[in-house]
Amino acid sequence: MTTATRQEVLGLYRRIFRLARKWQAASGQMEDTIKEKQYILNEARTLFQKNKNLTDADLIKQCIDECTARIEIGLHYQIPYPRPIHLPPMGLTPLRGRGLRSQEKLRKLSKPVYLKSHDEIS
């Protein structure tokens with residue numbers, strides 16, 4: 001990992017913890033705020049610990065992009081949880097056949113960047 005990349009990752013980590021400290025739930029309830037703050041902190045710790053040994057520059061860049069996207073989406077929609085996507089069960093099938101393998105491949109390719117790591121830790 002280069003020094004610039006390391007600084008960017010550490011900056012994101014600090015940004016997440018500052019965000020968690022100032023977070024207010026959209027409902028205004030103190031219990032919801034505490035739960036959401038805990039979720040933000042636990043999610044950040046889990047994902048950063050899981051990815052701390054990455055050495056491939058492309059994978060690191062992908063993780064940085066995912067982190068940035070999740071922060072921006074969380075701030076915009078005022079929810080810390082990843083926004084789910086809905087794809088109909090066979091909505092991405094090719095015209096000539098309805099093969100399950102091709103369906104799974106298309107589903108995986110169509111997943112937004114902010115959900116790449118969500119299925120891995122859930």
Side-chain angles (χ1 to χ4, degrees):
M1 184 183 309
T2 65
T3 306
T5 306
R6 180 177 169 79
Q7 292 300 320
E8 187 176 2
V9 169
L10 292 174
L12 281 172
Y13 196 68
R14 284 191 298 271
R15 183 177 176 198
I16 291 169
F17 276 82
R18 277 190 224 112
L19 176 72
R21 197 172 349 143
K22 297 176 185 177
W23 186 263
Q24 290 294 319
S27 66
Q29 300 292 324
M30 193 55 155
E31 309 87 49
D32 292 342
T33 299
I34 292 170
K35 269 197 257 182
E36 290 179 3
K37 282 182 178 186
Q38 278 305 114
Y39 174 79
I40 293 169
L41 294 174
N42 291 338
E43 185 82 357
R45 283 187 189 116
T46 303
L47 289 174
F48 276 86
Q49 280 292 326
K50 184 185 104 180
N51 295 324
K52 76 177 184 179
N53 295 322
L54 288 180
T55 55
D56 182 30
D58 292 334
L59 284 175
I60 293 171
K61 179 69 174 142
Q62 185 180 8
C63 290
I64 289 171
D65 291 344
E66 178 184 354
C67 182
T68 306
R70 287 183 71 172
I71 290 171
E72 296 303 321
I73 288 170
L75 289 173
H76 179 76
Y77 291 104
Q78 286 296 307
I79 55 169
Y81 313 107
R83 294 196 50 174
I85 57 168
H86 174 71
L87 294 173
M90 296 301 273
L92 296 173
T93 57
L95 296 175
R96 56 188 131 85
R98 292 187 171 245
L100 190 58
R101 282 192 195 139
S102 63
Q103 177 69 22
E104 289 174 3
K105 182 179 178 184
L106 288 171
R107 240 178 222 291
K108 187 175 181 179
L109 291 173
S110 68
K111 188 181 283 192
V113 69
Y114 60 88
L115 284 176
K116 294 290 183 192
S117 64
H118 188 261
D119 290 339
E120 295 171 7
I121 61 168
S122 303

Are any non-hydrogen side-chain atoms of [X] and [Y] less than 4.5 angstrom apart?
X   : Y   : answer
L41 : I16 : no
K61 : D58 : no
E43 : R70 : yes
I71 : L12 : yes
E8  : T68 : no

| task | Applying side-chain hydrogen bond (donor to acceptor under 3.5 Å, both in side chains), name anything that partners T5, two or more places apart in sequence or on another chain. | result | T2
| message | So which atom in K37 and which in W23 form the shortest heavy-atom distance, rounded to 0.1 Å? | response | CE-O, 3.2 Å
| field | A44 versus Y13, closest heavy-atom pair with distance | value | O-CE1, 4.3 Å
To the nearest 0.5 Å, what is the distance between [atom1] on [X] and [atom2] on [Y]?
X   : Y   : atom1 : atom2 : answer
I64 : L59 : CD1   : CG    : 11.0 Å
Q62 : D56 : CD    : CG    : 9.5 Å
F48 : C67 : CZ    : SG    : 4.5 Å

| request: Could you give me the CA-CA distance, side-chain angles and deciding distance for I40 and F17, then say whether side chain to side chain contact (heavy atoms under 4.5 Å, CB included) is met? | output: CA-CA 8 Å; I40 293 169; F17 276 82; over 6 Å; no
| query | Does L10 belong to the same Ile/Leu/Val/Met/Phe/Trp/Tyr cluster as I60, with side-chain heavy atoms less than 4.5 Å apart forming each link? | reply | no
| L75/L19 under side chain to side chain contact (heavy atoms under 4.5 Å, CB included): CA gap, chis, key distance, verdict | CA-CA 9 Å; L75 289 173; L19 176 72; 3.2 Å; yes
| Are the side chain of T33 and the backbone of A25 linked by a donor-acceptor contact shorter than 3.5 Å? | yes
| query | Between E72 and R15, does at least one N-O distance fall below 4.0 Å, as a salt bridge requires? | reply | yes
| query | Taking the inter-plane angle between the rings of Y39 and Y81 on a 0 to 90° scale, is it parallel (under 30°), tilted (30 to 60°) or perpendicular (over 60°)? | reply | tilted
